[in-house]
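Report on the structure given below.
Computed from a predicted model, the values in this text were never measured in an experiment.
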Amino acid sequence: MLLPKTTQSAMNNSVTPKFWGIVPAAGAGKRMGASIPKQYLSIRGKPVLAHTLERLLAVIEIEQLIVALSPEDEYWETLALTAHPRIRRVNGGKERADSVLSALQYLSGFATADDWVLVHDAARLCITVSDVRRLIEQMRHHPVGGILAAPSSDTLKEVSGSDILATADRSRIWRAQTPQMFRLHALKNALEQAACSGMAVTDEASALELQGLQPAIVEGRADNIKITRPEDLALAAFYLEQQCSE
């Protein structure tokens, strides 16, 4: 298997790689149909983004969280966490990959090429500390890195318009989640090359896949959902309540 160049240096590097978090949060969440970006909608008395950041801050292995926000963001300063010593803000971009790249460029100023970066969706507020730690423990010695994911429980159809073309083999289909964890240099290089070639990437793993690499899967909890549509708000609130009682 082809390995990133930084992997070879990591094998011979006596310095223990650190772990950094990136939260791309520059999107508007238009599918929510709300008057404010979905990451600032309130669930159980707290903005979605605040829930997400609190969960990630509870992972002591993560040195710092880099939050990529729209330069026009009017809501960030209303969060109580803005002055937290482990949180830094950078300007995000039009697309998710642009925001992640902006955060990676910031990190490159002081982190090492072989440090691990965990990219997590701002709208996945139900992420658990145990899932993040399991990802870190299982991937920290992996040559490429990997992602949290959940096996599909639905029958999936390939369609054209309203016509079914085929049924996918469900045993081979997983739903990608976040965090997604890769080496700083390898991820930055993969995203930059995808941008230069005009290739659209919907998550970090797909950028590494375009490099001919094979990220790994770590099974995550099914309640690690992403807020996308209005009905997701009630479901996320339910999951948060259930997690509090565990």
- Which value, rounded to the nearest 0.5 Å, describes the distance between Leu191 atom CG and Cys196 atom SG? 11.0 Å
- Query: In terms of hydrophobic clusters joined by side-chain contacts under 4.5 Å, are Tyr239 and Leu125 together?
  - Reply: no
- So, does Ser99 use its side chain to make a donor-acceptor pair with the main chain of Gly93 at under 3.5 Å? yes
- Task: Group every Ile, Leu, Val, Met, Phe, Trp and Tyr by side-chain heavy-atom contacts under 4.5 Å, then state whether Phe238 and Ile227 land in the same group.
- Result: no
- Message: Strictly below 4.0 Å, N to O, side chains only: are Glu137 and Arg133 in salt-bridge contact?
- Response: no
- Gln180 side chain vs Gln177 backbone, donor-acceptor pair below 3.5 Å: yes
- Check: His51 side chain, Ile43 main-chain N or O, donor-acceptor pair, under 3.5 Å: yes
- Query: Are Leu65 and Arg86 side-chain neighbours, meaning at least one heavy-atom pair lies under 4.5 Å?
  - Reply: no
- Task: With the side chain counted from C-beta on, respond yes when Arg55 and His120 share a heavy-atom pair under 4.5 Å apart, and no when they do not.
- Result: no
- Do Val144 and Phe182 have side chains that get closer than 4.5 Å, going by heavy atoms? yes
- Does one hydrophobic cluster hold both Val48 and Tyr75, with members joined at side-chain heavy-atom distances below 4.5 Å? yes
- Lys/Arg N to Asp/Glu carboxylate O, Glu246 vs Arg221, below 4.0 Å: yes
- Message: Are Ile225 and Leu56 linked, directly or through intermediate hydrophobic residues, by side-chain heavy-atom contacts shorter than 4.5 Å (ILVMFWY only)?
- Response: no
- Item | Side-chain touch Phe110/Gln64, heavy atoms, less than 4.5 angstrom | yes
- Within the distance-only criterion (no hydrogens, no angle test), does the side chain of Gln243 pair as donor or acceptor with the backbone N or O of Ile127 below 3.5 angstrom? no
- Item | pair Ile66-Trp20: side-chain heavy atoms closer than 4.5 Å | no
- Beyond-backbone contact of Asp232 with Lys226, side-chain heavy atoms, under 4.5 angstrom: no
- Task: Mark yes or no for whether Ser102, through its side chain, and Asp98, through its backbone, hold a donor-acceptor pair below 3.5 Å.
- Result: no
- Query: Where do Asp154 and Ser152 land on the side chain to side chain donor-acceptor pair (under 3.5 Å) test, with the steps shown first?
  - Reply: CA-CA 6 Å; Asp154 297 320; Ser152 176; 5.1 Å; no
- Please check if atom CG in Leu165 has more than 12 non-hydrogen atoms from other residues, nucleotides or ligands closer than 6.0 Å. yes
- Item | Flag for Thr112-Asp115: side-chain donor and acceptor within less than 3.5 Å | yes
- Task: Calculate, to the nearest 0.5 Å, the distance between atoms CG and CD1 belonging to Asp203 and Ile147 respectively.
- Result: 6.0 Å
